[in-house]
Amino acid sequence: MRAKIILGILLSLALSLALAAQNAQELYQRGLVQENANGNLNEAIKLYSQAAKTAGKDRALAAKALIRIANSEEKLGRQTEAANTYAEVVRSYPEQRAEVSVAQDRLNQLRRTSSASSRKSQIAGLTDVSALTGPLFESYCTSCHNAANKAGGLDLGSLNAGNVSENTSMWENVLRRLRARRDPPANSPRPDDKTYRSVISRLEQALDGAYSASNPLNVGERVTDAEWASRIAALLWGSAPDASLLADARNGSLRDPAVLNRHVARMLRDPKSRNLVSNFLEPWLSLNQLKGTSMDPELLQSMETETRLFLESQLREDHGVLELWTATYTYLNDRLARHYGMSGVSGKDFQRMAWRDKNRAGILGMSGPLAALSSPPRTSPTKRGIYVLTRFLGMDPSDPPANVPPISDTSAVREQSMRDRLAAHKVNASCANCHAPFDPLGLALENFDGLGQWRTTDGGMPIDASGAFIDGTRFNGPAELRAGLLKYSDAYYANVTQQLLAHALNRKGRTRRLYDYEMPSVRAIVRSAAAKDYRWSSIISGVIASAPFQMKNLVP
């Protein structure tokens, strides 16, 4: 009798479970009708919820019901609730692989969407620079940079300071000019240096944010570590990677910044790093322009050797990049020492020597670069000034007007100083305005003649090597020019990094040769190199580790 009672209970329970399962399936089907036929999503969610609760052992049905609940919540715009429901499926029904796969995919997508939405919201505020640039432009800039004048090609009134992403190219141009302190023009009221730095920092931040959401570098395929090692060796040595570099590439440790930095420093010490001198530094610094001149061949060869040995030492000894302009040593043999009027050097072999006066330092203390930036037999303050403007400050001069005649070179004119000859050449106001940013920089080097020898007179008159930067800071001669340039070093660090990255990407024929979306990489490299005194290894490591350099397909 007792057995019959137990059997009856079990049969009743089984029937109850079967009815519950049948009811759960019916609830699920009714939910599908409400969701897909009637479009009543809230009613569908109620039915799916009841189906999940009553599904009992039918865990597949329960998981499917939760998936339908989450889908309906998505349609209603309840993204957070939907994500929580998908997460419950993953957590509670791990054995239901099909449903878990669907839930995990949708959960990942919702998280990505939420993250992107959050980034867009952050970027919207980040790209607004109006609070800083508005007062600055109004006080110092818009009287020249407007729709009517467009000085320097800039109409600041057309820029949306509330969202720099609308015209990143023009804002990048504004940033370059601010770094080099090119605005306002000379003899005009100017903001203090703290204001410049504040606006520059905010604008850099805004531009970096403007590219972050849609930067093609975020989604581009990267090279393999072995391919990366080959690129590194080609950049530094112009050859294949050695066993040490390849080994760390193959075991994955090359991705460790400390390991990469050690390799870069090691490779720069190697004589093969002269590849970077001949293929990047010499062309960029225009140190290969002496060839083909009518100069004494022995002197010409000595000048070329001096600059090459100097540049190789800068890389090999891992100096700060600013020392290209400030280093107080050079390499001399007897022929070049006589040219400089220095005693104590004999033989054709080159030896390292300290400069004996403060007027000579770096590349603009050497005869080779100074001669390359002349028009023998005379000097060219314009060439030399443009050189400082472009190589140090990273600024391009305005295009000259059409049909500008060359500077007069008659016998009578040659009796005048170069400063007087330039003054006569710039009688046209537009010419004078164009030359104003760079001629004073070149005139500071007038004590160096067309072959880089020191002199004190020109045209029978004492040389006047005085001038002023555009902000009014005065200088007199090469030593004071160099000292004054140091306050614009931020522009130089950005420029040398930009040029090196462009070289690493094999960019040719484009002004500045980088695309706007690559400029955040330049800024990141410079910021990182600051902690290491902007040494060559730190900037080169930054270039190598940058996203543009690691793209599978380099953009031409």
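Because the structure is predicted, anything quoted here is derived from the model rather than measured.
A donor and an acceptor atom, one from each side chain of Tyr86 and Asn71, are located under 3.5 Å apart. A donor-acceptor contact under 3.5 angstrom links the side chains of Asn160 and Glu166, judged on distance only. Side-chain contact annotation: Arg513 with Gln499, donor-acceptor N/O pair under 3.5 Å present. Using modelled atom types and a 3.5 Å distance limit, the side chains of Ser286 and Arg391 yield a donor-acceptor pair. A donor-acceptor contact under 3.5 angstrom links the side chains of Asp248 and Ser253, judged on distance only. There is no side-chain donor-acceptor pair under 3.5 Å between Tyr517 and Thr168. For the residue pair Asp270/Ser273, the side-chain donor-acceptor check at 3.5 Å is not satisfied. For Glu73 and Thr85, the side-chain atoms include at least one donor-acceptor pair closer than 3.5 Å. Using a 3.5 Å distance cut-off with no hydrogens or angles, the side chains of Asp242 and Ser244 do not pair a donor with an acceptor. Residues Glu518 and Tyr211 have side chains that never bring a donor and an acceptor to within less than 3.5 angstrom of each other. Under 3.5 Å, the side chains of Asn108 and Gln104 contain a donor-acceptor pair of N or O atoms.
Side-chain contact check for Arg181 versus Tyr488: some heavy-atom pair is nearer than 4.5 Å. Looking at Trp284 and Asn495, their side chains come closer than 4.5 Å, going by heavy atoms from C-beta outward. Contact of the Asp225 side chain with the Arg250 side chain is not registered, since no non-hydrogen atoms from C-beta on lie closer than 4.5 Å.
When the shell of 6.0 Å around CG of Asn553 is examined, it contains 12 or fewer heavy atoms from other residues, nucleotides or ligands. Atom CD of Glu138 is surrounded by 12 or fewer heavy atoms from other residues, nucleotides or ligands within 6.0 Å. Heavy-atom neighbours of Arg30 CZ from other residues, nucleotides or ligands within 6.0 Å: at or below the threshold of 12. The 12-atom threshold is not exceeded at NZ of Lys194, counting heavy atoms of other residues, nucleotides or ligands nearer than 6.0 Å.
Looking only at distances, no side-chain donor or acceptor of Tyr492 sits under 3.5 Å from a matching main-chain atom of Leu486. For the pair Tyr534 (side chain) and Ala529 (backbone), a donor-acceptor distance under 3.5 Å is absent. In terms of modelled atom types and a separation under 3.5 Å, the side chain of Asn146 and the main chain of Ser143 share a donor-acceptor contact.
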Checklist entry - Are Leu276 and Met267 close enough, and set up right, to give a side-chain contact (heavy atoms from CB on, under 4.5 Å), and what steps lead you there? => result CA-CA 11 Å; Leu276 198 59; Met267 295 173 76; over 6 Å; no
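Annotation: side chain to side chain contact (heavy atoms under 4.5 Å, CB included) contacts of Thr224 (sequence neighbours excluded): Ala226, Glu227. In this structure, the salt bridge (Lys or Arg N to Asp or Glu O under 4.0 Å) partners of Asp471, at least two apart in sequence or on a different chain, are Lys487.
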